[in-house]
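Per chain, numbering begins at 1; letters A, B, ... match sequence-line order.
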Amino acid sequence: MTDGTEQAPAHRYTAELAGRIERRWQDYWADHGTYHAPNPKGPLAEDTPIPSDKLFVQDMFPYPSGSGLHVGHPLGFIGTDVFARYHRMTGRNVLHTMGFDAFGLPAEQYAAQTGTHPRTTTEANIERYLSQIRRLGLGHDERRRIATTDVEYYRWTQWIFLQIFNSFYDEKQDRARPIAELEREFAEGERETPDGRPWAELSGVEQRRVIDSHRLVYISEAPVNWAPGLGTVVANEEVTAEGLTERGNFPVFRKNLRQWMMRITAYADRLLDDLDLLDWPEKVKTMQRNWIGRSRGANVRFRADGETIEVFTTRPDTLFGATYMVLAPEHPLVDRLTAAEWPEGTDERWTGGAATPAEAVKSYRAEAARKSELDRQESRDKSGVFTGAFATNPVNGEQIPVFIADYVLMGYGTGAIMAVPAQDQRDWDFATKFGLRIVRTVDPGEDFEGAAFTGEGPAINSSNEDLSLNGMGVEDAKKAIIAWLEEKGHGEGTVQYKLRDWLFARQRYWGEPFPIVYDENDLPIALPEEHLPVELPDVPEYAPTTFDPDDADSEPQPPLAKATDWVEVTLDLGDGPKKYRRDTNVMPQWAGSCWYQLRYIDPDNAERFVDPENERYWMGPRPAEHGVNDPGGLDLYVGGVEHAVLHLLYSRFWHKVLYDLGHVSSAEPYRRLYNQGYIQAFAYTDSRGVYVPAEDVEERDGKYFYQGEEVTQEYGKMGKSLKNVVTPDEMSENYGADTFRFYEMSMGPLDDSRPWATKDVVGSQRFLQRLWRLVVDEATGAVRVADIELTDDDRRQLHKTVAGVREDYAELRFNTAGAKLIELNNYVTKTYGSAEATPRELAEPLVLMLAPMCPHIAEELWQRLGHPDSLVHGPFPVPDEKWLVDETVEYPIQVNGKVRSRVTVAADAGQDDVRAAALADAKIAALLDGAEPRKVIVVPGRLVNVVR
RNA sequence: GCCCCCGUAGCCCAACCGGCAGAGGCAGUCGACUUAAAAUCGAUCGAGUGCGGGUUCGAGUCCCGUCGGGGGCACCA
């Protein structure tokens, strides 16, 4: 790029010189452990007392992909580094490191194709990744790096799994407790067994079944998401709205399988309520709230043919308007309710053309089962059939028809609804199509012309012999009806969640094995702690058996099941050596990232997953700084918004379990969350629609050309296939890492997405070259800084910049911090650029303030300015209040809101003086033409507005 | 369909509690250096804030409507 070096002055700050400086300082930092952050206790503690003022900054766990980084990846990493460096310079103890979320599919898939062990690929990718990020000069404490695939790491992942396995949720105390306490409660009769028999009368196996059903991790036979094309089951969170796997876009089928589940639903309320304590983007909080999906309402029971249909409703106040019911097609009561024959006078639209209800139900069910999730969503047209049965509305004894329809989902609430067409649009649509009765129970007002009315209004048509809701508002009516239902035994107030338990097992190879074995009764047994880690065995085949993606009848076959020597194991678990069978599932990739912040704190601790004292120091609540409700957690967590409901929900859940069990002092893992934006790029296609290399495309008159041919511009991701990838490596090579860092930070606010523009990078390079030139003579390499007395103007410029830059750094506004540095640099260049020397009093603060963004050049200049020690730990310039105010202020004078003139007055002039000066101004006087102004507004320090 | 965010010079972006629309960078133009060009340096040009209304002495900022872009949710009872 800058290959004109042979003509450039010998000591110009070129990419080549930058590269030499950068490598030199990177080596220096590594040799001196410059970024080592001391712990209060353990191997990473130091003899000197540690500052109580700390900062724990973390980037979201990267996956070490084999394809390497493009310039978008390090955006957040640089942002956290700048923030960390700024705080480190102000004297805080700053913990910043980076590890790898290294289990997962790509390495396994590569292994399956090539036969290379996933560990080999993973380790090579990590090395590659590290070499890329090291070139950027990130101030990581390298001693704290971890990878989820390290045996010493996943040993503790397994240990945490056991803590969760050995716990139950105590609803009364609203926290998790050790399972041993539950056992004691049963044994001592404090808690009743499910069937009421005394605990001692239960057999050993029965006792274990009871206990197992309370664990926070449990095995259940339930419908799960089975993806034959992936050969594994996946969690709800990993299925897209279209019913495809997030990874690979394979179809997902609901299938009853024996699977591990984590009882995240026990924490639904706390996960929801504690969001209020967090300093997170509102957008992410909203996504979590929606995902948890708490709705308050009531369960109501309807009698039908000797059976009871229970429904969940958020609008029990509309019960008098329930004119029919709908069950999900898969609802277990459907068979028992379906009548033998159509009742007299059944509407033809209700029968689906079938001769009997049973036939209608059978064919409708078949049709519904055939529809994929996608089909269901695409056609919003209501469909359904009548079961021939009637239910009794408990409030008025009315007989209402019972339908099955696929707009009611088995997976939510009770899988059955009371339909209130007047107050629910979906029910309205169904009712109008099938000719069902519509009774308004909320008065929509006279002018209302719409269909279903879901707004607020007084209840109408809602009374029976001993209850009247008429006239009540929605909230009061809900309370009244719930009280009535409870009194009569027809139902009760309740809360529903959209959140389901977390499907925790995967039938893959490259993940953490479960620390679980099964005995002859096929019941799971937790391995004692001293049996950890359970290491992944070598297997001949790394991939699970996969199937035709649409083969819903296939069954998962995990790779570990084939390692028979490993699966069949003889262990002494206290009652002599016995044969056991290992669990052949592995944990989902999310497991390792649920707790890595805790291991960063104490990476070498062999006794515990984290020492409590270290955890308290780095993550404990600090009410003095963050308010009385501070839940604790690390101080700044930066990453993309795509983890809003997966990682961030799971991680909070695990943290809360550890908190309940007393292992950590913080109630939340991430006190402050920040979503960085994405760097995107233009891509270009030729007339055939084939991508052409973006770097060779030229722009002329708003059109784009590649090799003389016009091409079409697209905007989006960076990717190899789009031929528009720009790597940090080439940026460092062509401009230097500091220039690259500065450019990324000055492109815009950290949380904005924006397009990459390589041609703009030169602006950052020129800035650093100018700054370099102020300190170093380009021709001789001599330092051209001297102790020159500053002018008042110099001081004002300097201190204004110091004050502004400090604030910008603290608020993550790196783009404006950069602009202020350029501004000051331009001022110094203009004032002293062609003078003999640059005043030291300007050069030094400039270098120090630059250091968080461009640490290498700053270190180099700082050293050349005669400082033997690194500037990584400060000092950072402090503004002098005295120089923050100007002596005089120029006030624009508006007449009726338009600027007409200006006056300059002393900065400490009172409002009356400013007013007088403004009115005395010749142009203003002329405009007023002798008339008395109606009003004069003086905004101190800003402007004067004269209203005539 | 519902909810949220964003629209400021050719481009990326500033503008604090409503107070002079511009801090910074790119591109453009002019000049210096050069035989010339690149690089570098210096200077300079540039929008009334997507559009329409309202509140206000004063609106990029607040309110209503509308258009465009991005994101989330989507038969959740």
Side-chain angles (χ1 to χ4, degrees), chain A residues 1-5 7-9 12 14 241 281-284 286-287 290-291 293 295 297 311-315 318 326 376-377 379-380 382 405-409 411-420 423-427 429-430 496-498 641-642 644-645 678 699 702 715 742-743 746-749 751-767 769-770 773 778 804 807 811 813 815-823 825-826 829-830 833-834 890-899 902 933-948:
Chain A
M1 207 76 193
T2 36
D3 56 356
T5 33
Q7 284 165 36
R12 169 161 296 173
T14 58
E282 210 43 53
K283 180 188 162 89
V284 176
T286 304
M287 285 165 75
N290 288 341
W291 188 260
S295 36
V311 304
F312 172 71
T313 176
T314 54
R315 293 296 301 276
T318 63
V326 184
R376 261 191 162 186
Q377 280 171 28
S379 106
R380 286 276 165 118
K382 295 285 175 292
D406 66 3
Y407 83 93
V408 173
L409 310 173
Y412 185 78
T414 60
I417 63 158
M418 63 179 215
V420 189
Q423 275 86 225
D424 184 292
Q425 190 59 46
R426 295 156 299 177
D427 296 344
D429 294 342
F430 190 88
Q496 275 288 332
Y497 303 89
K498 209 182 101 179
V641 73
E642 68 272 15
V645 286
Y678 298 100
E699 186 188 347
Y715 178 60
F742 192 86
Y743 174 65
S746 52
M747 287 169 79
D751 55 356
D752 256 20
S753 291
R754 58 242 135 138
W756 178 260
T758 299
K759 68 178 175 59
D760 290 0
V761 179
V762 69
S764 300
Q765 188 181 33
R766 285 180 194 150
F767 160 60
Q769 284 177 338
R770 278 201 294 274
R773 203 179 300 124
E778 280 195 331
E807 205 179 300
E811 300 298 322
R813 293 192 302 250
N815 53 327
T816 50
K820 288 183 173 89
L821 291 176
I822 293 174
E823 199 181 350
N825 192 55
N826 289 350
T829 304
K830 199 171 283 182
S834 38
E890 190 192 53
Y891 279 85
I893 307 164
Q894 297 181 338
V895 176
N896 291 345
K898 293 227 158 57
V899 179
R902 288 159 198 284
R934 267 207 286 160
K935 201 171 171 187
V936 178
I937 295 143
V938 178
V939 185
R942 310 232 59 140
L943 55 51
V944 182
N945 190 9
V946 180
V947 186
R948 2 181 346 228

Return the value, rounded to whole Å, for the distance between atom [atom1] of [X] and atom [atom2] of [N].
{"X": "A:Tyr891", "N": "B:rG58", "atom1": "OH", "atom2": "C1'", "answer": "16 Å"}
{"X": "A:Gln765", "N": "B:rA39", "atom1": "CD", "atom2": "C1'", "answer": "10 Å"}
{"X": "A:Arg12", "N": "B:rA38", "atom1": "CZ", "atom2": "C1'", "answer": "12 Å"}
{"X": "A:Arg426", "N": "B:rC2", "atom1": "CZ", "atom2": "P", "answer": "15 Å"}
{"X": "A:Glu642", "N": "B:rG70", "atom1": "CD", "atom2": "P", "answer": "18 Å"}
{"X": "A:Asn290", "N": "B:rC3", "atom1": "CG", "atom2": "C1'", "answer": "8 Å"}
{"X": "A:Phe767", "N": "B:rA39", "atom1": "CZ", "atom2": "P", "answer": "21 Å"}
{"X": "A:Arg813", "N": "B:rG24", "atom1": "CZ", "atom2": "C1'", "answer": "15 Å"}

To the nearest 0.5 angstrom, please state how far the [atom1] atom of [X] sits from the [atom2] atom of [Y].
{"X": "A:Glu807", "Y": "A:Thr816", "atom1": "CD", "atom2": "OG1", "result": "9.0 Å"}
{"X": "A:Arg426", "Y": "A:Ile417", "atom1": "CZ", "atom2": "CD1", "result": "7.0 Å"}
{"X": "A:Thr14", "Y": "A:Gln765", "atom1": "OG1", "atom2": "CD", "result": "8.0 Å"}

Of the nucleotides [options], which has the atom closest to the [X] side chain?
{"X": "A:Thr314", "options": "B:rA77, B:rC57, B:rA74", "answer": "B:rA77"}
{"X": "A:Ile417", "options": "B:rG24, B:rA77, B:rG19", "answer": "B:rA77"}
{"X": "A:Arg770", "options": "B:rC76, B:rG42, B:rC20", "answer": "B:rG42"}
{"X": "A:Ile937", "options": "B:rA23, B:rA77, B:rG19", "answer": "B:rG19"}

[X] near the nucleic acid: base, sugar-phosphate alone, or nothing, with a heavy-atom cut-off under 4.0 Å?
{"X": "A:Lys830", "result": "sugar-phosphate"}
{"X": "A:Thr286", "result": "nothing"}
{"X": "A:Asp427", "result": "nothing"}
{"X": "A:Leu943", "result": "base"}
{"X": "A:Gln894", "result": "base"}
{"X": "A:Val762", "result": "sugar-phosphate"}
{"X": "A:Ser764", "result": "nothing"}

Q) Using the glycosidic torsion, which applies to B:rG68: syn (within 90° of 0) or anti (everything else)? A) anti
Q) How would you label the glycosidic angle of B:rC17: syn (within 90° of 0) or anti? A) syn
Under 3.5 Å for both donor-acceptor distances, Watson-Crick or wobble: does [N] have a partner, and if so which one?
{"N": "B:rU61", "result": "none"}
{"N": "B:rC73", "result": "B:rG1"}
{"N": "B:rA27", "result": "none"}
{"N": "B:rG7", "result": "B:rC67"}
{"N": "B:rC16", "result": "none"}

Q: Only counting residues at least two apart or in another chain, list the ones meeting salt bridge (charged side-chain N to carboxylate O under 4.0 Å, His left out) with A:Glu890.
A: A:Arg902
Q) What residues form a salt bridge (charged side-chain N to carboxylate O under 4.0 Å, His left out) with A:Arg770, not counting sequence neighbours? A) none
Q | Close side-chain approach of A:Val641 to A:Lys283, heavy-atom, < 4.5 Å | A | yes
(Q) A side-chain contact here means heavy atoms from C-beta on lying under 4.5 Å apart; do A:Phe742 and A:Ile822 qualify? (A) yes
Q) So which heavy atom on A:Met418 is nearest to which on A:Arg315, and how close? A) CE-O, 3.7 Å
Q: Using a 4.0 Å cut-off on protein heavy atoms (strictly under), produce a 5'-to-3' string for nucleotides 4-9 of chain B with B for base contact, S for backbone-only sugar-phosphate contact, and - for none.
A: ------
(Q) Output one letter per nucleotide in nucleotides 28-33 of chain B: B when a protein non-hydrogen atom lies under 4.0 Å from the base, S when only the sugar-phosphate is that close, - when neither is. (A) ------
Q: Mind checking side-chain contact (heavy atoms from CB on, under 4.5 Å) for A:Asp751 and listing every partner two or more places apart, or none if nothing turns up?
A: A:Tyr674, A:Pro749
Q) For A:Val939, what residues pass the side-chain contact (heavy atoms from CB on, under 4.5 Å) criterion, not counting sequence neighbours? A) A:Ile937, A:Arg942, A:Leu943
Taking atom [atom1] in both [N] and [M], compute the distance separating them and give it to the nearest angstrom.
{"N": "B:rU35", "M": "B:rG28", "atom1": "C1'", "answer": "27 Å"}
{"N": "B:rC30", "M": "B:rG48", "atom1": "C1'", "answer": "27 Å"}
{"N": "B:rC16", "M": "B:rU61", "atom1": "P", "answer": "12 Å"}
{"N": "B:rC57", "M": "B:rC13", "atom1": "P", "answer": "36 Å"}
{"N": "B:rA15", "M": "B:rA23", "atom1": "P", "answer": "13 Å"}
{"N": "B:rA14", "M": "B:rU56", "atom1": "P", "answer": "31 Å"}
{"N": "B:rA39", "M": "B:rC67", "atom1": "P", "answer": "46 Å"}
{"N": "B:rU55", "M": "B:rC12", "atom1": "C1'", "answer": "34 Å"}

List in chain and number order the residues that pass side chain to side chain donor-acceptor pair (under 3.5 Å) with [X], two or more places apart in sequence or in another chain; answer none if no residue qualifies.
{"X": "A:Asp427", "value": "A:Tyr407"}
{"X": "A:Glu642", "value": "A:Tyr678"}
{"X": "A:Thr414", "value": "none"}
{"X": "A:Thr829", "value": "none"}

Q. Phosphate oxygens OP1/OP2 of B:rC57: is one of them under 4.0 Å from a side-chain N or O of A:Arg934?
A. no
Can you name the atoms? Protein N/O to nucleotides 11-13 of chain B N/O, anything below 3.5 Å, with the distance.
{"unit_1": "B:rC12", "atom_1": "O2'", "unit_2": "A:Met747", "atom_2": "O", "d": "3.0"}

Q | Set of residues satisfying ring-ring contact (aromatic ring centres under 6.0 Å, His included) with respect to A:Trp756, sequence neighbours excluded | A | A:Tyr743
